[in-house]
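Just so you know, these numbers use all the heavy atoms, side chains as well, and skip hydrogens, waters and symmetry mates. When a ligand or atom number is given, it counts from 1 through the structure's own listing order.
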Amino acid sequence: MSIDQFIREREKTVLDELSEFLRIPSISTLSEHNDDCRRAAQWIADHLADLGCQTALLASETHPVVWAEGPPAPGKPTVLVYGHYDVQPPDPLSLWDTPPFEPTIRDGNIYARGATDDKGQLFSIVQAFEAVVRDGDPPVNVRFLIEGQEESGGEVLTDLLQREPERVVADAVLVADMPYYARGWPAIYTALRGICYCEITVQTLDGDLHSGLYGGVAPNAHETLVHILAQLKSPSGKIRIPGLYEAVVRPPKAERDAWKRLPFNERAYMRREVGSRALTGLARSTPLERTWALPTFEIHGIAGGFTGEGAKTVIPAVASAKVSLRLVPKQKAKTVERQLRKRVKELAPRYARVKVDLIHSADPVIADVTAPPFDQIRRAFREVEGREAVPIRSGGSIPIVPTLASGGAPVVLAGIGLPDDRLHAPNEKLSVEQFWKGVKVFGRFFELMGE
Ligand code: BES
Ligand code: MN
Ligand code: MN
């Protein structure tokens with residue numbers, strides 16, 4: 001039976017199934033949602049078992065890795081599908097038009113936390129898998145490796161694959177956790193950035209003090225912290241950490257030229273997608289180079305002191321900030337962590353106790369997209385979309401990808417989201433049309449891999 005026929009039959013019921021999955025608030029970074037993470041793992045495992053897979057929940061009680069093996073296709077290649085069932089926290093709740101864990105279909109989109117990142121995209125592959133295996137005679141051997149800590153940089157899957165590296169032995173790894181370049185423009189990703197996420201804590205006093213009695217003599221932890229932070233990046237956007245740019249290589253001219261041919265309207269990007277009145281960063285590089293091929297330093301939040309209602313006259317003793325650096329190919333997360341620690345220590349005044357704690361880190365990824373499975377995914381996109389997939393990079397990170405590549409299988413990074421899906425933000429959505437395109441593209445990918 002053809003994939004198109006499968007889609008016609010399932011159009012009505014599949015979104016109800018996806019909604020069930022989306023209703024589980026599997027927020028991996030908040031421990032009060034540990035049970036929900038386990039429930040989401042069990043839900044997708046049960047679903048795959050119903051489709052004839054051998055399944056197992058591995059390596060953690062609270063955030064298990066889901067492993068599933070489809071019916072064997074002797075003599076055929078093996079495709080390993082990676083996805084994640086965990087999601088980011090939905091706050092601020094007041095900005096959602098409908099609640100994040102009550103999936104709602106409106107103007108051709110399904111709105112929910114995880115709709116595009118990554119439950120919806122993963123589920124489109126699961127549908128594609130069902131379409132090609134349900135008549136018996138599967139075109140390829142399909143394995144699923146679905147984690148529950150992608151969004152929190154957890155160690156469960158990394159440790160599991162360290163102990164059991166044979167799980168990533170395959171002819172291709174498929175990761176659909178990223179968007180098209182633009183509507184109608186499918187993309188194959190040639191690189192992902194890495195990340196080094198830390199918390200910086202500054203203590204300047206044994207305890208908080210009255211700002212009238214001691215103001216003028218007592219060192220203020222917030223003042224000290226923001227002083228350190230402000231020196232980590234120049235107003236022109238250059239990160240001031242010695243050695244940081246040493247490993248940064250400019251993308252080859254051919255690649256930069258290809259990026260210049262992509263449709264890109266800087267003003268519309270700034271106003272509508274970014275929603276700002278200026279673009280920051282190193283002005284001699286284009287915005288695409290700045291988001292795809294240069295490191296970043298961001299401050300995510302600053303805590304401590306008094307931020308409640310009204311006024312409190314206090315000199316805070318402790319202040320902390322969550323910060324991260326995004327890393328580009330050739331940079332090493334371990335090296336960058338060391339460079340950041342060293343610089344922060346140097347910037348700290350003698351009177352301050354300053355500590356840098358690593359929260360999580362991941363190396364960047366560069367993919368050679370000339371290997372065999374790329375011909376198949378390109379052809380699948382061409383057939384479904386009528387346009388050649390464009391090779392692009394992403395500013396985002398998927399920490400496990402270097403480990404997925406360690407078995408030698410080419411990793412295909414290609415999803416069906418759209419750039420305005422608002423992942424990690426209020427009103428995250430997935431276009432229903434894109435979901436069905438995903439079923440077709442990934443279904444064709446499986447078929448073509450088997451030919
Ligand atoms: N799916 C995203 C990463 C992504 C988005 C890659 C768009 C390519 C294009 C993933 O779920 C994600 O958000 N990753 C985190 C990783 C971090 C928490 C270690 C990220 O990039 O912030
Ligand atoms: Mn994701
Ligand atoms: Mn994400």
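There is a side-chain donor-acceptor pair under 3.5 Å between His84 and Asp117.
Salt bridge annotation for Arg378-Asp375: present, with a cationic side-chain nitrogen under 4.0 angstrom from a carboxylate oxygen. Salt bridge Arg10/Glu130: present, at least one basic N to carboxylate O contact under 4.0 Å. Using a 4.0 Å cut-off between charged nitrogen and carboxylate oxygen, Lys437 and Glu385 count as a salt-bridge pair. Salt-bridge annotation for Glu346 and Arg343: present, with a side-chain N of the basic residue lying under 4.0 Å from a carboxylate O of the acidic one. Comment: Glu383 engages Arg444 in a salt bridge, judged by a side-chain N to carboxylate O separation of less than 4.0 angstrom. One finds no salt bridge joining Lys355 and Glu199 here, because no Lys/Arg side-chain nitrogen approaches an Asp/Glu carboxylate oxygen to under 4.0 Å. Residues Arg261 and Asp257 are not paired through a salt bridge, judged by the lack of any N-O separation under 4.0 Å between the basic side chain and the carboxylate.
Contact annotation: Pro179 has at least one heavy atom less than 4.0 Å from an atom of ligand 1. Not a single heavy atom of Arg193 lies less than 4.0 angstrom from ligand 1. For the pair Asp117 and ligand 1, a heavy-atom separation below 4.0 Å is found. Under a 4.0 angstrom heavy-atom cut-off, Pro399 registers as being in contact with ligand 1.
For ligand 1, the atoms lying closer than 4.0 Å to a non-hydrogen atom of His84 are 11 (O).
At the top of the distance list for atom 19 (C) of ligand 1, counting protein heavy atoms only, stands His360 CE1, 3.3 Å. Nearest protein neighbour of atom 18 (C) of ligand 1, counting heavy atoms only, is Glu151 O, 3.5 Å. Looking only at heavy atoms of the protein, atom 4 (C) of ligand 1 is closest to Asp177 O, 3.8 Å. Of the protein's heavy atoms, Ser397 O, 3.4 Å lies nearest to atom 3 (C) of ligand 1.
For the pair Ser394 and ligand 1, the shortest N or O to N or O distance does not fall below 3.5 Å. At under 3.5 Å, not a single nitrogen or oxygen of Tyr189, backbone or side chain, sits near a nitrogen or oxygen of ligand 1. Polar contact check, His424 against ligand 1: a nitrogen or oxygen pair lies under 3.5 Å apart.
For the Mn ion (ligand 3), the N/O/S atoms of Asp177 include none lying under 2.8 Å.
Once rounded to the nearest 0.5 Å, the distance linking CG of Leu430 with CZ of Phe123 reads 12.0 Å. A distance of 10.0 Å separates OH in Tyr181 from OH in Tyr189, rounded to the nearest 0.5 Å.
Here the angle at the Mn ion (ligand 3) defined by OE1 in Glu151 and NE2 in His424 stands at 90°, rounded to 10 degrees.
The name of the N, O or S atom in Asp117 nearest to the Mn ion (ligand 3) is OD2.
Proximity of Gln149 to ligand 1, defined as any heavy-atom pair under 4.0 Å, is not found for any part of the residue.
Closest approach of Leu192 and Met178 over heavy atoms only: CD2-CE, 4.4 Å.
Between Glu150, Arg326, Arg393, it is Arg326 that holds the heavy atom closest to atom 22 (O) of ligand 1.
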